[in-house]
Amino acid sequence: MSDNAALAARVRAASHLTGTFLLRSGRTSTEYFDKYLFEADPELLAAIVDGLTGLVPPGTDLLAGLELGGVPLATLLSQRTGLPARFVRKKAKEYGTRRIAEGGEVTGRRVVLVEDVVTSGGAVLDATKVLRDDGAIVEDVLCVIDRGEGGRERLAELGLTLRPLLTRAELDAAAAP
Ligand SMILES: O=P(O)(O)OC[C@H]1O[C@H](OP(=O)(O)OP(=O)(O)O)[C@H](O)[C@@H]1O
Ligand SMILES: O=C(O)c1cc(=O)[nH]c(=O)[nH]1
């Protein structure tokens with residue numbers, strides 16, 4: 001078994017749920033990867049971050065984690081790579097600094113987004129708009145799981161390359177026989 005196949009099996013065993021789930025996109029699915037279940041396991045999270053480290057493109061200035069599940073990933077990846085982190089909220093705070101992208105400036109920096117799961121790509125597109133409006137260069141997105149439901153194609157239309165650690169095919173192959 002390859003390293004990635006073994007990781008896919010661990011991630012699936014930890015986080016794959018069945019039932020009826022309303023997704024962020026408004027779609028309904030009979031399966032769900034609960035990212036908090038793989039992020040809460042320190043050994044599994046370390047293995048995931050190891051894998052993501054190899055996907056960070058050369059020339060990256062900043063790693064931006066998307067609220068909420070992308071934040072622990074970006075934080076650990078920042079520690080591992082030495083690249084500074086940013087944290088992108090779903091909505092700006094209504095008090096204090098009133099910021100939506102936290103952690104410092106992004107203008108003119110090459111920012112790589114860090115996400116847990118990509119389904120339609122909507123959450124990534126929202127964060128991309130926020131960062132591009134602030135003058136960031138956003139062209140690459142890392143994720144742990146690409147559910148293979150059109151996100152990659154939708155992101156490509158806006159000039160974004162999705163770099164998944166685990167593909168739908170790898171996660172399906174990891175299903176118990
Ligand atoms: O590709 P999409 O169709 O946008 O769907 C994937 C997004 O949906 C989930 O976010 P959720 O709002 O559940 O976020 P959180 O639990 O990380 O706050 C997931 O963490 C992705 O951000
Ligand atoms: O599309 C989503 O909302 C979604 C799917 C999934 O498998 N896991 C998750 O956390 N969100």
Side-chain angles (χ1 to χ4, degrees), residues 3-56 62-81 83 85-91 100-103 111-128 130-131 138 140-155 160-176:
D3 285 354
N4 232 43
L7 185 61
R10 289 172 70 190
V11 167
R12 187 179 174 102
S15 68
H16 184 257
L17 307 177
T18 54
T20 302
F21 301 95
L22 175 63
L23 305 182
R24 179 193 174 280
S25 53
R27 300 174 190 174
T28 301
S29 175
T30 55
E31 61 178 354
Y32 190 83
F33 293 92
D34 182 347
K35 66 276 184 116
Y36 300 115
L37 295 177
F38 61 69
E39 293 185 342
D41 175 331
E43 288 183 11
L44 184 50
L45 182 57
I48 288 167
V49 173
D50 271 349
L52 290 174
T53 302
L55 301 180
V56 178
L62 302 171
L63 299 167
L66 275 55
E67 181 193 2
L68 174 66
V71 167
L73 296 167
T75 304
L76 285 190
L77 196 55
S78 168
Q79 281 281 317
R80 195 66 60 91
T81 60
L83 293 167
R86 298 291 186 264
F87 310 108
V88 184
R89 295 180 181 278
K90 292 185 168 93
K91 287 198 293 189
I100 185 162
E102 302 276 12
V111 181
V112 171
L113 301 186
V114 184
E115 179 59 302
D116 42 44
V117 179
V118 170
T119 304
S120 71
V124 166
L125 291 177
D126 288 351
T128 299
V130 162
L131 293 168
V138 187
D140 293 282
V141 180
L142 309 188
C143 69
V144 179
I145 294 175
D146 174 6
R147 287 182 48 125
E149 295 175 28
R152 174 192 288 274
E153 295 77 6
R154 193 159 167 222
L155 300 187
L160 293 165
T161 300
L162 183 63
R163 302 176 186 278
L165 178 60
L166 301 173
T167 62
R168 181 52 175 261
E170 287 170 318
L171 289 157
D172 286 351

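Numbers here are sequence positions counted from 1. Fair warning: this is a prediction, and the values are worked out from it, not measured in the lab.
- More than 12 heavy atoms of other shown residues, nucleotides or ligands fall within 6.0 angstrom of atom CD in E31.
- Under the side chain to side chain contact (heavy atoms under 4.5 Å, CB included) criterion, L37 pairs with S15, L17, D34, sequence neighbours left out.
- Expressed to the nearest 0.5 Å, how far CG of D172 lies from CG of L166 amounts to 11.5 Å.
- Within the model, atoms CG of D126 and CD of E67 stand 11.5 Å from one another, a figure rounded to the nearest 0.5 Å.
- Residues that satisfy the salt bridge (charged side-chain N to carboxylate O under 4.0 Å, His left out) test with R27, not counting sequence neighbours, are E149.
- In this view, F87 satisfies the ring pair (Phe, Tyr, Trp, His ring centres under 6.0 Å) rule with no residue, not counting sequence neighbours.
- Residues passing the side-chain hydrogen bond (donor to acceptor under 3.5 Å, both in side chains) test with T119, sequence neighbours excluded: none.
- Taking the side chain as every heavy atom from C-beta outward, V144 and V117 never approach each other to under 4.5 Å.
- D140 contributes atom CG, which lies 10.5 Å from atom CG of L55 (distance to the nearest 0.5 angstrom).
- Taking every heavy atom of both residues into account, L131 and A64 meet most closely at CD1-CB, 4.1 Å.
- Formation of a donor-acceptor pair under 3.5 Å by the R163 side chain with backbone atoms of L142 is not found in this model.
- Remark: R152 pairs with no residue by the side-chain hydrogen bond (donor to acceptor under 3.5 Å, both in side chains) rule, at least two apart or across chains.
- A distance of 5.5 Å separates OG1 of T53 from CZ of R80, quoted to the nearest 0.5 Å.
- A search for side-chain hydrogen bond (donor to acceptor under 3.5 Å, both in side chains) contacts involving T167 returns E170, not counting sequence neighbours.
- Judged as a side chain to side chain contact (heavy atoms under 4.5 Å, CB included), and not counting sequence neighbours, the contacts of L45 are E39, V49, L73, L76.
- With sequence neighbours excluded, the residues satisfying side chain to side chain contact (heavy atoms under 4.5 Å, CB included) with A74 are V114.
- Contacts of L83 classified as side chain to side chain contact (heavy atoms under 4.5 Å, CB included), with partners at least two apart in sequence or in another chain: V56, T60, L63, T81.
- More than 12 non-hydrogen atoms from other residues, nucleotides or ligands lie less than 6.0 angstrom from CD of E153.
- With sequence neighbours excluded, no residue forms a ring pair (Phe, Tyr, Trp, His ring centres under 6.0 Å) with Y36.
- Among the candidates I100, L68, L66, the single residue satisfying the side-chain contact (heavy atoms from CB on, under 4.5 Å) test with R89 is I100.
- Contact check for V118 versus P164: no side-chain heavy atoms found under the 4.5 Å cut-off.
- Interatomic distance, CG of L7 versus CG of L44, reported as 6.5 Å (0.5 Å rounding).
- For the atom pair CD1 (I48) and CG (L77), the distance works out to 12.0 Å, reported to the nearest 0.5 Å.
- A search for side-chain hydrogen bond (donor to acceptor under 3.5 Å, both in side chains) contacts involving D41 returns nothing, not counting sequence neighbours.
- For residues 9-23, no pair satisfies salt bridge (Lys or Arg N to Asp or Glu O under 4.0 Å), with sequence neighbours left out.
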